Amino acid sequence: MEPRYPQYLPDPTATREEMEALQRRVAEAATFDDAFTFDPTRVGRGDDEQTTLGGERGGPSGPDAPVVAGVDQAFLDDAAVSAVVCLQGGEVVERAHAVSELSIPYIPGLLSFREGGPIVDALERVQTNPDLLVFDGSGRIHYRQAGLATHMGVVFDRPSVGVAKSLLCGRPRESVDGRPEGWRTPILADSDVDVPDGRVIGYAVQSRQYESSRKINPLYVSPGHRVSAETAADLVLRCCDGYKLPEPTRLADQYAAEVKAEYT
DNA sequence: GCGACAG
DNA sequence: ATCTTGTCGC
């Protein structure tokens, strides 16, 4: 892959004001509606009954299933290990990684300026052309609607979604505690977000839940680029396979840890 | 000053 | 993110 709009590449040497200004431009360039050509119902392993019963799901003769790339990182002293795992129909078709120097610390709201460059390094080594990019972090659920998933999605002009394990800003429409698997509720913009209060900017998604007692927290899914909040939630659930994290992200996390181990 | 804050 | 074993509950 190659950045299609390098003017949006995150510059770690920029001042805080410049970083925030770029994020506002990224948000303006972003599309929070569905604007892709792949078939969302064919993402993931696709072992759910409605699409398999009729047998219309593309087999050897049908069109290829969409390629979904998961991106995650692991950290060394002064470097980041960025890993990308591409899946097609639940099968790994490619893995790529990069080890990059880190320049700035983690600052809430400016994550893409710390991790964006390293992630671009890894994505540039990917030979496949992913239909969808799944990031570990927020997309539209961000103060300026320009979280990591949105920023990267715009730089590569590729459909993307953000999957965070905790909420950066906004508020769930209702309590998210102890919900059943498959449940979801909208995340509404609050005063911390650059949009009218109450707008849906993402979803809390219960990707996994124990049958009793102990509770698992939901995932916070939001549009990165070219994907709506509703579709982002659908796509992430389709990518889940028995674990809290969707497979693309979970496998990228594993891969990043493997690479890190070799450098330790 | 206080609170809140992805990875 | 990272430092890390056991342990709770089915």
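Chain letters run A, B, ... following the sequence lines, proteins first, then strands; residues in each count from 1. All of these numbers come straight from a predicted model, not from anything done at the bench.
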Given side chains that start at C-beta, do those of A:Gln145 and A:Phe32 come closer than 4.5 Å, heavy atoms only?
yes

Could you verify whether a donor N or O on one side chain and an acceptor N or O on the other, from A:Arg144 and A:Gln23, lie under 3.5 Å apart?
yes

With no hydrogens and no angle check, do the side chains of A:Asp72 and A:Thr249 hold a donor and an acceptor under 3.5 Å apart?
no

Is A:Pro3 close to A:Val120 at the side-chain level, that is, under 4.5 Å between some pair of heavy atoms?
yes

Tell me, please, which residues at least two apart from A:Phe156 pass ring-ring contact (aromatic ring centres under 6.0 Å, His included).
none

Please set out all donor-acceptor pairs under 3.5 angstrom arising from side-chain atoms of residues 78-94 of chain A, sequence neighbours excluded.
unit_1, atom_1, unit_2, atom_2, d
A:Ser82, OG, A:Gln73, NE2, 2.9
A:Ser82, OG, A:Pro118, O, 3.2
A:Gln88, NE2, A:Ala65, O, 2.7
A:Glu94, OE1, A:Gln127, N, 3.3
A:Glu94, OE1, A:Thr128, N, 2.8
A:Glu94, OE1, A:Thr128, OG1, 2.2
A:Glu94, OE2, A:Gln127, N, 2.7

Bounds of contact between DNA chain B and chain A, in 5' to 3' order, using a heavy-atom cut-off under 4.0 Å:
B:dC5 to B:dG7

Quick one, A:Asp39 with A:Thr41, criterion side-chain hydrogen bond (donor to acceptor under 3.5 Å, both in side chains). Give me CA distance, side-chain angles, the key distance, then yes/no.
CA-CA 5 Å; A:Asp39 180 354; A:Thr41 69; 2.7 Å; yes

Mind jotting down which residue pairs meet the ring-ring contact (aromatic ring centres under 6.0 Å, His included) criterion with at least one end in residues 69-122 of chain A? Sequence neighbours excluded, please.
A:His97-A:Tyr255, A:Phe113-A:His151

Have a look at A:Ser138 and say if it touches a base, only the backbone sugar-phosphate, or nothing, with a 4.0 Å heavy-atom cut-off.
base

Could you check whether A:Leu76 gets within reach of a base, just the sugar-phosphate, or nothing at all, counting any heavy atom under 4.0 Å?
nothing

For nucleotides 2-6 of chain C, tabulate all protein N/O to nucleotide N/O atom pairs closer than 3.5 Å, reporting atom names and distance.
unit_1, atom_1, unit_2, atom_2, d
C:dT2, OP1, A:Phe75, N, 3.4

So what does A:Tyr210 hit on the nucleic acid, given a heavy-atom distance under 4.0 Å: a base, only sugar-phosphate, or nothing?
nothing

Between A:Asp33 and A:Thr31, is any side-chain donor less than 3.5 angstrom from a side-chain acceptor?
no

I want to check something: taking the side chain as every heavy atom from C-beta on, are A:His142 and A:Leu168 in contact at a cut-off of under 4.5 Å?
yes

Please tabulate, one pair per line, each protein N/O and nucleotide N/O from nucleotides 7-10 of chain C that are separated by under 3.5 Å, including the distance.
none

